Amino acid sequence: MATLFQGVGAVTPFSASSSLDSNKLLLPSRKSLSISDSRGSIFVYRSDALNLKAATRKQDLLIPNAVATKGETSTSAKSGHELLLFEALREGLEEEMERDPRVCVMGEDVGHYGGSYKVTKGLAEKYGDLRVLDTPIAENSFTGMGIGAAMTGLRPIVEGMNMGFLLLAFNQISNNCGMLHYTSGGQFTIPIVIRGPGGVGRQLGAEHSQRLESYFQSIPGIQMVACSTPYNAKGLMKAAIRSENPVILFEHVLLYNLKERIPDEEYVLSLEEAEMVRPGEHVTILTYSRMRYHVMQAAKTLVNKGYDPEVIDIRSLKPFDLYTIGCSVKKTHRVLIVEECMRTGGIGASLTAAITENFHDYLDAPIVCLSSQDVPTPYAGTLEEWTVVQPAQIVSAVEQLCQ
Amino acid sequence: MSLSATKFVHPITAPPSTRSSDKPLFSTFFGSNHTKLRFNKPIVAAQRRSSSAASTSSPVVAVSDVVKEKKLKSASNLLITKEEGLVLYEDMILGRFFEDMCAQMYYRGKMFGFVHLYNGQEAVSTGFIKFLKKEDYVVSTYRDHVHALSKGVPAREVMSELFGKATGCCRGQGGSMHMFSKQHNLLGGFAFIGEGIPVATGAAFSSKYRREVLKEPGADEVTLAFFGDGTCNNGQFYECLNMAALWKLPIVFVVENNLWAIGMSHLRATSDPQIWKKGPAFGMPGIHVDGMDVLKVREVAKEAIERARRGEGPTLVECETYRFRGHSLADPDELRDPAEKAHYAGRDPITALKKYLFDNKLASEQELKAIDKKIEELLDEAVEFADESPLPPRSQLLENVFADPKGFGIGPDGKYRCEDPKFTQGTAHV
C-alpha cells in the first residue's frame, strides 16, 4: 500500500519576478484571475524542513517519490524539472497522446486557442484538429459524443471549460457515462476522462464558482479524483487516461499556476489512493484540492502552537481510500474534514458518514467537518472570503477538537 | 454540386486582422466550408417537398434523381430481387410477430415495466438496417426491440433480456429499453429521448477518426441514429445535427415520425412539423419518405448510407410512419382518432410488401407462409429459451458497475474491495 510522502514546493505568485512569462499567461478577460494578491499568498509547509519563514519566492525541492521509499530524502537540485500545474497536466496529456494514438481531446477552445487555461496549448498544432477537437458550445452533446467515441474504441478526454458547464452534460454523465457499462451487461467500456477547473476562484461569480463533486458523487459507475499539486496532477491525469473506467478529474481554477519540481521519469499515480501530506499525531485533517493549501497554512500556525496535525489529501473523492484514512484515525482518534463543497450533501458529508460507519470505535471526539457556506458564491470579495473555509477557522477547529 | 467531402479547405476569406504578416497557425481547416456568411441556396444533394404532413402517399414521394437514373438503367424495372424480397419480408415478419409475442408475454406476467412496441413501423427498421454491414453501428431509443432484431441480435437473447434472465443480451441488466450488443454493434437502447443521438454522433466520429487519424484502411463504418418526432424538439438533436454536418460525420439521422409522442400530437408540439426541412438548415440533405413502404425507405436508405460511407457527410431522413399500438403496453391509446388508425392500418407495410411480391411474381403464397411458420417456431423457441433460463444470481449485482473493479476502492483493511470474492453481492460496505 503506497502512501505518498511528499514535500511540495512553494507557490510562486504571479508576479514579474517569477519565471512566468506574464504575457503568455494572459487569460481571457472574463476569467482574469491571479494568485498573487495580498489576501491570498499561499504557503505550503514542507515536512522535513523547519523553514517557518514565508518562503514565497523560493522554490523548495520536491521529493519525487511515487512509492513511499523513505530512503531518499532531498534529492539534488538538478534532478527533475520545474513546471506549473497546468503544464504538468499538459505534459501528462501529451505523454499519453504520444503513447496511444486513440487518446483524443474534445472540448471548447481546446484546439486552436490552446485551452482556456492553456492545458492543451500546442497540442492541436502537433496532433491535428481531429485529435484535439474544438467543439461548438454544446456540452451535453459533445460529452455524449465522447461517450459514443469511447464505446467504439477511442479514449477521449472531454474538457469542460469550467466544471460548472458540465451541469449541462449531467444527462450524459449520469445516464450514459455511469450506466452504460452496466446496462449493456458489461459489453461496452467507457474509458473516458472528463476534466475541467472548478471551485471558488477570485470573484468569478456564483455560476463560475461551483463545486460539482457533490452532485456527481452518487452516480454509480464513475470515479472522481481531485488533483492539487503539479506532481499529482500529472500522475492522476495519466492514470485517468489509462483507466478503463470513466473518471472525472477535478482541477481548481486557482491552482493552475502552482510551481513544483517533478521527476523526469514517467510515473502514474493510483486513482484510488489518498496522499499523506504531513504525518502527525494529534489530529487527522482530511482535505482535497485547494483547501489543502489552506490546511497547510493553518498547520504552520498549529505547529507553532504546539499541535501536530496529520494532513491527508484524499485525492480520490469516489471511492474514498478508507485504508489511509483509517490508519490515520486509528492513530490520532480525531478527525477534521476541510473541504470546499457546500455544507449540505458534500464530499465531507459522505466522508463523515463513511468514517463514522467504519471507525466509530476509534474516535475520541465527533468528526468536525468544515465546508463552504450553503450560499451561491457571492461576487463581493469580502463575502466570497467568508464563503470558503479560511486557515483561521481551521486553526480554531483543531484547537477545539484537541481540548 | 455537393461540396468536396474530405478535402480540408483553407478559409478563403480570412478574418480581418491587425497583424501585418499573417502566418496561419494551422495548415488545414476543419470546419464549415461556407465562404460566405450568408448564402441563399441551402446546400443539399436531394430535397423533396412533401405534399402535406400526414397525407396519402403519392407513388414515388422522395426518391432522389440519382436513384431514378439508376432505376432507368437497370435491366428490370423492379426495385428488388426475389432473394432481397424474401429477406425483407422475413425481417418484417420477425419484427411484427416478436412484438405481438411481447404483448402476450407481458399480459401473462413474464415481463414488466415499460415495454414499447414497434408494430407498424417495421418498414423503417428493415429498410435501413438491412443495408448495413455488421461493422456499422445502430443507435436506437426505448422502442428498440426490432432494431436489435434487424441488426442481428438473436430473438432468444432479446426475449431473454425482456424476461430479465441472465442469458439476455445485456445479462438481464438492461431490459426492454436498453438493448446492447457489442457483437452486432448495437449501441443501445436509451430510455431518455435524444440521449442516444450524441452517442451515435460519437460512434460516427470514431469512425472518421479511425479513417483519418489512425489511417485504418476500410474504416468506413456508418452509424444510424433512430429516434422519433418528439425528439426533434430536443436540444441534443439540433446540437448533433450541427456537429455532424460541421465535421461531415458518417451518420444518418433517421426520424421515425409516427405523429405521436405518447399523447402529444406532433402538430401540437412543433412549430414547423416538417422535420426534413431542418436538415438543410444545418447544411445536410433533408429527405421525407413514406415510412410505410419498405421499398421506398430502402431506396432512400441506400443513398444516405452510401453518401455517409463515401465521407460526404450526414443526411436527415424523415420517415412518415405510424405505430399500430399505444406508446407502450401501459398506454390505453384512447386519444388517437380511430379514423387515423384505420387509415394507417390500411397502409400496413407488411401487407404492402406482400402485395408487391405477389404482383411482381417474386414470391408465392406458400413461400411466404413458410416464412411465417419459420418465424413462429423461432419465437416459440425463443420464449421457451427465455422461460428456462436462470434468473441472475446475487453475485451478479455489482459485477458490471466498473470495467475495472478497482474503482470500488480500497477498504479499511488495505485491500482493494474487488479482491474480496463476494464483493459483487453488494454486501461490502462502501
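Everything numeric in this text was worked out from a predicted model, so none of it was measured. Proteins come first, then strands; the chains are lettered A, B, ... in the order of their sequence lines, and each starts at number 1.
To the nearest 0.5 Å, atoms OG (A:Ser184) and CD (B:Gln173) are separated by 8.5 Å. The CZ atom of B:Arg210 sits 6.5 Å away from the CG atom of A:Leu154 when rounded to the nearest 0.5 Å. A:Asn175 contributes atom CG, which lies 9.5 Å from atom CZ of B:Phe190 (distance to the nearest 0.5 angstrom). Note that the CD atom of A:Gln187 and the CG atom of B:Leu186 stand 8.5 Å from one another [nearest 0.5 Å]. Atom CZ of A:Phe188 is separated from atom CG of B:Leu187 by 5.0 Å, given to the nearest 0.5 angstrom. Rounding to the nearest 0.5 Å gives a distance of 6.0 Å between OG1 of A:Thr189 and NZ of B:Lys182.
The shortest side-chain heavy-atom distance between B:Phe205 and A:Leu133 falls under the 4.5 Å cut-off. In this structure, A:Asn140 and B:Pro198 have side chains that are not in contact, with every pair of non-hydrogen atoms separated by 4.5 Å or more. In this structure, B:Ile410 and A:Leu322 have side chains that are not in contact, with every pair of non-hydrogen atoms separated by 4.5 Å or more. The shortest side-chain heavy-atom distance between B:Phe180 and A:Leu180 falls under the 4.5 Å cut-off.
Within the 4.5 angstrom heavy-atom criterion, atoms from both the backbone and the side chain of A:Thr135 approach chain B. The part of A:Met106 that comes within reach of chain B is its side chain, from C-beta onward, which places non-hydrogen atoms under 4.5 angstrom from that chain. Neither the backbone nor the side chain of A:Ser316 comes within contact range of chain B, judged by heavy atoms closer than 4.5 Å. Proximity to chain B is limited to the side chain of A:Asn176, based on heavy atoms less than 4.5 angstrom apart. Within the 4.5 angstrom heavy-atom criterion, only side-chain atoms of A:Gln172, from C-beta onward, approach chain B. Heavy atoms closer than 4.5 Å to chain A are found in both the backbone and the side chain of B:Phe402. Using a 4.5 Å cut-off between heavy atoms, A:Ile190 does not touch chain B at all. Only the side chain of A:Phe359 comes within less than 4.5 Å of a heavy atom in chain B; its backbone stays farther off.
For the set A:Ala138, A:Gly128, A:Gly153, A:Gly326, the count of heavy-atom pairs under 4.5 angstrom toward chain B peaks at A:Ala138. Considering only heavy-atom pairs separated by less than 4.5 Å from chain B, the leading option among A:Cys104, A:Ser141, A:Pro156 is A:Ser141. The choice from A:Gln223, A:His181, A:Lys330, A:Met151 that makes the most heavy-atom pairs within less than 4.5 Å of chain B is A:His181.
Checked by atom type, the side-chain pair B:Tyr209/A:Arg102 shows no donor-acceptor distance below 3.5 Å.
The 12-atom threshold is exceeded at CZ of A:Phe170, counting heavy atoms of other residues, nucleotides or ligands nearer than 6.0 Å.
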